[in-house]
Q: 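Below is a structure I'd like to ask you about.
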Number of protein chains: 2
Amino acid sequence: MPRNRWIENLRWVRTGQQDRSRRTQEALLRAAAELLADKGVEATSVADVAARAGCSVGSVYHHFRDKKTLLVAVFDRMQEEVRVTTTAALDPERWVGASIEDLLRAYLEFSIEMARERPSFKHAGLAVAETEASLRDHLAELRIELFDGLRGLIFDRRSEIGHPDPAVAVDFVLEQLASMLTTRLEHLAAPTPFSGRSHEEFVDEALASASRYLQLQTTSERKR
Amino acid sequence: MPRNRWIENLRWVRTGQQDRSRRTQEALLRAAAELLADKGVEATSVADVAARAGCSVGSVYHHFRDKKTLLVAVFDRMQEEVRVTTTAALDPERWVGASIEDLLRAYLEFSIEMARERPSFKHAGLAVAETEASLRDHLAELRIELFDGLRGLIFDRRSEIGHPDPAVAVDFVLEQLASMLTTRLEHLAAPTPFSGRSHEEFVDEALASASRYLQLQTTSERKR
DNA sequence: ATTATCTATAGATCTATAGATAATGC
DNA sequence: ATTATCTATAGATCTATAGATAATGC
């Protein structure tokens, strides 16, 4: 137990002073990330991580105070990458001239792309977050940041929306798309009605659905 | 290792010959189900289960060959209840006179009701299934049975559907609703755009969305 | 007599540490 | 001289079993 509440969430990660140290630490974080993605938190032992990183168990504990600290470090790094990417993606400058449908399509396609590049990224994160409240909170903040940003971009274009209550409708559509992405991209996909179909077909139908529900009007329609 | 492949999936659960035995077995299954729902597979030890059931560790191993056999027994029982309920629910006789919207509403409301009654039912099942392929397969079969049944009932009413490709559209809607239910009813719900709103509001919007996407026509519209 | 239960413990992991050994860079 | 690494192992779990003890019902 830490002596006072000001330091109870401080986790010690040693900052190496030799080149060798940084290489080992990097190897450990990388190995841990891969094993977490493959096998989950419980099945990944410190000895496994050390072996995959090509060093000893003792060395792990030289760099990280305990196992949890190592896991938190892995996930913190992942989260930071996501945060930077999200912030850049949500810059309104990037979306000048885009319609709501363009925004939603970009959201879907980018999410699918990310899942293809790093298959178990999200799964590993959720697994670690399950045992560590502070990470769960960080993850929640990230999600809120993403959805707030998207909601804002869409709301700037609310003249396209014919639905009588745009505030409710936009939230509903975001939840709808996020849920379907989760189902579609999750680690071990169970069979679902649409799982046999291609990502392209999925994106098309998802946009058709959102478009009809929001009652989106194209620019030409609004001009009339 | 079993001696031949014909018995390699046979798991031994002793059938008690005394009343006392059946009571203990019942208590063990019940205790295990509760602990699995609360803490997940890895965090539930055999000693925990024994303690909660009010008996000893040795007794657990009298009834179940090993820990996995106990978990499988717990989940098998859950699955059987689900299967019976699903089969009864999908009987076409029950739905004479129902519209597609009635069917979808019933699906949503029943799912929400179930999750309220037995909060961690599904979560526990998925946790066990993750470590046991045969259960994963059973679970997949159950899902397929549910979706095939629903798809059939809806297709019997396809004259209500205005969407140019009803086969695709029905699959898409089922996936959409199933995904959103998963998001909404999952064990530890993360914050989502729509998570602050009531179940009633959710059901209304989900049906509005499905109805617009499928281009459902009411009976009176079709008569015209 | 048979079946069910309990106590106690062996054996397998896994986390974390202590102490010895090797590499680094001022 | 300092920092990083390794080897070996203590201590904490957890699964599963052996053997003794208690309850059941023919």
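Below, read A as the first sequence line, B as the second, and so on, with proteins coming before strands; counting in each chain starts at 1.
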Q: Under a 4.0 Å threshold between the charged nitrogen and the carboxylate oxygen, would B:D19 count as salt-bridged to B:R22?
A: yes

Q: What I want to find out is whether A:R151 reaches A:D148 closely enough, with some N-O distance under 4.0 Å, to be called a salt bridge.
A: yes

Q: Run the salt-bridge test on A:E26 and A:R23 with the 4.0 Å N-O cut-off and return the result as yes or no.
A: no

Q: Write down the distance between NZ (B:K67) and C1' (D:dT17), rounded to a whole number of angstrom.
A: 17 Å

Q: Quick one: sort the A:F172 and B:F202 rings into parallel, tilted or perpendicular, breaks at 30° and 60°.
A: tilted

Q: C:dC14 P sits how many Å from B:E42 CD, rounded?
A: 11 Å

Q: Under the side-chain hydrogen bond (donor to acceptor under 3.5 Å, both in side chains) rule, what pairs show up with a residue in residues 49-59 of chain B, not counting sequence neighbours?
A: B:E34-B:R52

Q: So, B:E175 versus A:T183: side-chain donor-acceptor pair below 3.5 Å or not?
A: no

Q: Starting from P on D:dT3, measure out to CZ on A:R22 and report it in whole angstrom.
A: 14 Å

Q: So, A:T87 side chain and A:R83 main chain: donor-acceptor pair closer than 3.5 Å or not?
A: yes

Q: Provide a list of protein-nucleic acid N or O atom pairs under 3.5 angstrom, restricted to nucleotides 5-7 of chain D.
A:
residue: D:dT5; atom: OP1; partner: A:T24; partner atom: OG1; Å: 2.2
residue: D:dT5; atom: OP2; partner: A:H63; partner atom: NE2; Å: 2.6
residue: D:dT5; atom: O5'; partner: A:S59; partner atom: OG; Å: 3.4
residue: D:dC6; atom: OP2; partner: A:S56; partner atom: N; Å: 2.6
residue: D:dC6; atom: OP2; partner: A:S56; partner atom: OG; Å: 2.7

Q: Distance check: side-chain N/O of B:Y61 vs OP1/OP2 of D:dA16, anything under 4.0 Å?
A: yes

Q: Whenever both distances are under 3.5 Å in a Watson-Crick or G-U wobble pair, mark it; put DNA chain C into dot-bracket that way, with [ ] for crossing pairs and | when the partner is on another strand.
A: ||||||||||||||||||||||||..

Q: Is any NZ, NE, NH1 or NH2 atom of the basic residue among A:R77 and A:E81 found under 4.0 Å from an Asp or Glu carboxylate oxygen of the other?
A: no

Q: What integer distance in Å separates A:D66:CG from C:dC14:P?
A: 17 Å

Q: In whole angstroms, how far is the C1' atom of C:dA4 from the CZ atom of B:F64?
A: 14 Å

